[in-house]
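Just so we're clear, the structure is a prediction, and the values are computed from it rather than from any experiment.
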Amino acid sequence: MSDDLGPRTTSGIDIQRLYGPGTDRVEDSGEPGHWPFTRGVYEDMYRGRPWTMRQYAGFGTAEETNQRFRYLLDSGQTGLSVAFDLPTQMGLDSDDPRADGEVGRVGVAIDTIDDVERLFAKIPLDRVSTSMTINATAGVLLAMYVAVADGRGIERSSLSGTVQNDILKEFISRGTYVYPVEPSLRLVTDIFDYCSENLPRWNSISISGYHMREAGATAAQEIAFTLANGREYVRRALERGLEVEQFAPRLSFFFAAHNHLFEEAAKFRAARRLWARLMREDFGASDRSCRLRFHTQTGGATLTAQQPLNNVVRVAVQALAGVLGGTQSLHTNSFDEALALPGAEAARLALRTQQVLAEESGVRDTVDPLGGSHYVESLTDQLEELARGYLQKIEELGGAASAIPFMTDEIHDSAYAWQLAVESGNQAVVGVNVYEEEEEPTPVALPDFTNLQRAQRSRLEEVRRARDSHQVELALGRVAMAAGAGSNLLPPMIEAVKVRASLGEISGRLLGLWGPYRPQ
């Protein structure tokens with residue numbers, strides 16, 4: 001972004017004409033693999049093996065999504081990432097009247113464990129890492145995943161992956177919340193507790209700046225609001241009685257990569273260093289618990305429906321920023337996602353973008369190749385300073401759970417400023433407000449969502465007819481009892497899904513106890 005005073009980053013940092021000795025403070029960056037982890041969380045980073053290539057996929061039915069997963073695995077993908085439809089995210093079964101018209105539209109529809117079994121058919125759950133983008137109903141989906149593994153005779157200790165489980169960012173920017181803030185945070189710590197005891201290779205949360213960035217946050221706000229939420233989760237887990245070393249090493253993060261190559265790479269470096277300092281300053285955590293490990297997804301909000309092939313270049317730049325910043329795993333968006341669900345060829349090209357970076361660019365040859373750049377080190381320092389300012393304000397407001405309205409307002413203001421810059425031409429978007437061309441509308445093939453919804457509801461009806469209703473009612477009663485007693489909800493949820501209790505039924509019992517969240 002630029003104005004009459006010269007170019008600026010998205011966070012409002014003025015960019016100097018030239019950087020050299022004396023133009024940056026250059027905080028002590030340390031060594032890769034060592035506190036404060038500015039230069040990376042592992043000593044060798046990608047020299048041993050590349051980042052995990054984890055493409056995000058979710059189509060209307062479990063069978064369709066399973067086909068895309070197997071296609072991507074056959075194409076060289078090394079991890080799975082599941083997108084769920086809105087009813088699943090909101091705790092609604094597909095036959096709920098409120099789900100009408102949304103079943104399978106933005107991800108896969110999951111009602112019962114039978115859907116999860118079809119979703120992962122012929123996929124070795126003990127050898128493939130799975131990430132699930134789910135928050136309010138994260139406990140139920142994790143319960144279904146564990147139950148499927150149990151049914152296949154797979155040891156729980158061999159399961160690896162991540163459940164997003166980051167409810168605060170839903171209240172701040174995304175909106176797929178169900179229960180009020182306090183019981184929602186209790187569910188988060190239930191998952192922490194359960195995973196620490198039963199799923200040693202599982203990341204119990206993916207603290208997500210991605211959705212806040214997509215909603216309009218700047219890079220500095222993305223760092224600050226994400227780490228503020230992380231700090232809140234750590235405090236809640238400690239209040240629960242967990243030891244910091246018991247759960248903190250399995251915390252993971254999720255960031256966006258947008259178009260400003262150098263600010264984005266510096267953002268990741270600044271976030272790593274700031275988190276390490278917060279964990280040591282606030283909680284006395286060991287180096288192992290101070291590591292900020294993160295997944296990156298390229299910026300969906302940056303993709304344009306105009307001249308969609310331009311998105312190939314945007315995604316490549318953003319992916320490079322994630323790799324230069326030291327990401328542990330990466331999703332590259334397909335160029336057609338501004339129009340519809342990604343086609344198979346577009347999804348393969350997105351994966352090939354990562355593979356070209358990994359195999360041909362030389363970016364893996366040395367750790368933190370931008371380290372020592374006066375420009376990048378200056379951006380790293382300034383982004384950390386800006387983020388600390390936001391964190392101090394959030395602390396003054398009582399912490400992240402109390403500062404939800406503040407963070408929401410800040411994001412709204414930044415989104416509005418960005419839109420004004422685009423509309424005025426101060427921010428160039430190629431093919432949108434510069435280098436425009438007359439184009440024929442791009443044809444978009446959409447699934448038959450009416451038949452998809454009908455088929456999904458039919459499957460759910462069959463499950464309900466075939467199951468033991470008495471066993472289901474007993475299991476749902478145990479879930480409600482655990483919720484009322486304050487005991488961990490994961491064990492009764494696992495038993496409930498095994499007898500074919502649905503996601504909506506489990507969520508409904510909790511909703512009956514806790515009521516819905518009502519925004520302030």
Side-chain angles (χ1 to χ4, degrees), residues 1-15 135 166-177 181 207-232 253-260 262-264 266-268 270-271 274 297-304 318 321 338 379-429 432-433 517-520:
M1 191 181 299
S2 63
D3 56 26
D4 294 339
L5 301 176
R8 291 179 174 175
T9 71
T10 66
S11 300
I13 297 171
D14 291 318
I15 301 173
N135 296 285
D166 175 10
I167 197 61
L168 284 174
K169 68 99 169 54
E170 297 295 332
F171 296 123
I172 294 165
S173 65
R174 190 161 175 269
T176 61
Y177 43 71
V181 174
I207 305 162
S208 175
Y210 181 87
H211 302 94
M212 294 185 284
R213 188 64 184 280
E214 291 286 281
T218 67
Q221 289 169 345
E222 183 185 4
I223 297 170
F225 300 165
T226 306
L227 300 194
N229 289 347
R231 182 192 253 171
E232 184 79 28
F253 291 79
F254 174 23
F255 291 109
H258 280 205
N259 288 329
H260 196 296
F262 297 105
E263 183 181 38
E264 293 300 295
K267 177 187 75 180
F268 301 128
L274 183 51
Q297 182 173 338
T298 57
T302 70
L303 303 181
T304 64
Q318 295 163 8
L379 287 176
T380 302
D381 294 346
Q382 291 182 81
L383 284 166
E384 181 180 0
E385 185 176 350
L386 287 170
R388 271 202 181 269
Y390 281 115
L391 283 164
Q392 182 177 343
K393 175 66 175 177
I394 291 165
E395 286 295 282
E396 291 169 357
L397 292 169
S402 301
I404 288 169
F406 165 71
M407 290 186 275
T408 299
D409 287 346
E410 289 292 305
I411 293 170
H412 287 170
D413 289 346
S414 296
Y416 182 61
W418 174 267
Q419 187 61 34
L420 288 180
V422 171
E423 291 179 4
S424 68
N426 284 333
Q427 174 60 52
V429 181
V432 175
N433 63 5
Y517 173 69
R518 301 195 185 281
Q520 297 178 34

Quick check for you: to the nearest 0.5 Å, what is the distance between [X] atom [atom1] and [Y] atom [atom2]?
| X | Y | atom1 | atom2 | result |
| --- | --- | --- | --- | --- |
| Thr9 | His260 | OG1 | NE2 | 6.0 Å |
| Leu391 | Thr226 | CG | OG1 | 10.0 Å |
| Lys169 | Phe254 | NZ | CZ | 8.5 Å |
| Leu386 | Leu379 | CG | CG | 10.5 Å |
| Gln382 | Asp14 | CD | CG | 8.5 Å |
| Tyr177 | Ile172 | OH | CD1 | 12.5 Å |

Salt bridge (Lys or Arg N to Asp or Glu O under 4.0 Å) partners for [X], two or more places apart:
| X | result |
| --- | --- |
| Glu264 | Arg213, Lys267 |
| Glu410 | none |
| Arg231 | Asp282, Glu395 |
| Glu396 | none |

**Q.** More than 12 heavy atoms from other groups under 6.0 Å of CZ on Phe262
**A.** no

Residue set satisfying ring pair (Phe, Tyr, Trp, His ring centres under 6.0 Å) with Phe268, at least two apart, ordered chain then number -> Phe294

Residues at least two apart in sequence or cross-chain that pass ring pair (Phe, Tyr, Trp, His ring centres under 6.0 Å) with Phe253, listed by chain then number, are Trp275

message = Checking side-chain polar atoms at under 3.5 Å, does His258 have a donor or acceptor matched by the opposite partner on Glu214?
response = yes

Could you report the tightest heavy-atom contact between [X] and [Y], atom names first, then the distance?
| X | Y | value |
| --- | --- | --- |
| Gly398 | Ser402 | O-OG, 3.7 Å |
| Ser208 | Met212 | O-CE, 3.4 Å |
| Ala400 | Ile394 | N-CG2, 3.7 Å |
| Thr176 | Ile167 | O-CD1, 4.4 Å |
| Tyr210 | Glu222 | N-OE2, 4.1 Å |
| Ala415 | Ala215 | CB-O, 3.4 Å |

For the residue pair [X] and [Y], establish whether any side-chain heavy-atom pair is separated by less than 4.5 Å.
| X | Y | value |
| --- | --- | --- |
| Glu384 | Ile223 | no |
| Asn433 | Glu423 | no |
| Ile13 | Arg8 | no |
| Leu168 | Phe225 | no |
| Thr408 | Ser173 | no |
| Val181 | Phe171 | yes |

Is the backbone of [Y] close enough, under 3.5 Å, to the side chain of [X] for a donor and an acceptor to pair up by distance?
| X | Y | answer |
| --- | --- | --- |
| Gln221 | Thr218 | yes |
| Ser414 | Ile411 | no |
| Ser11 | Ala220 | yes |

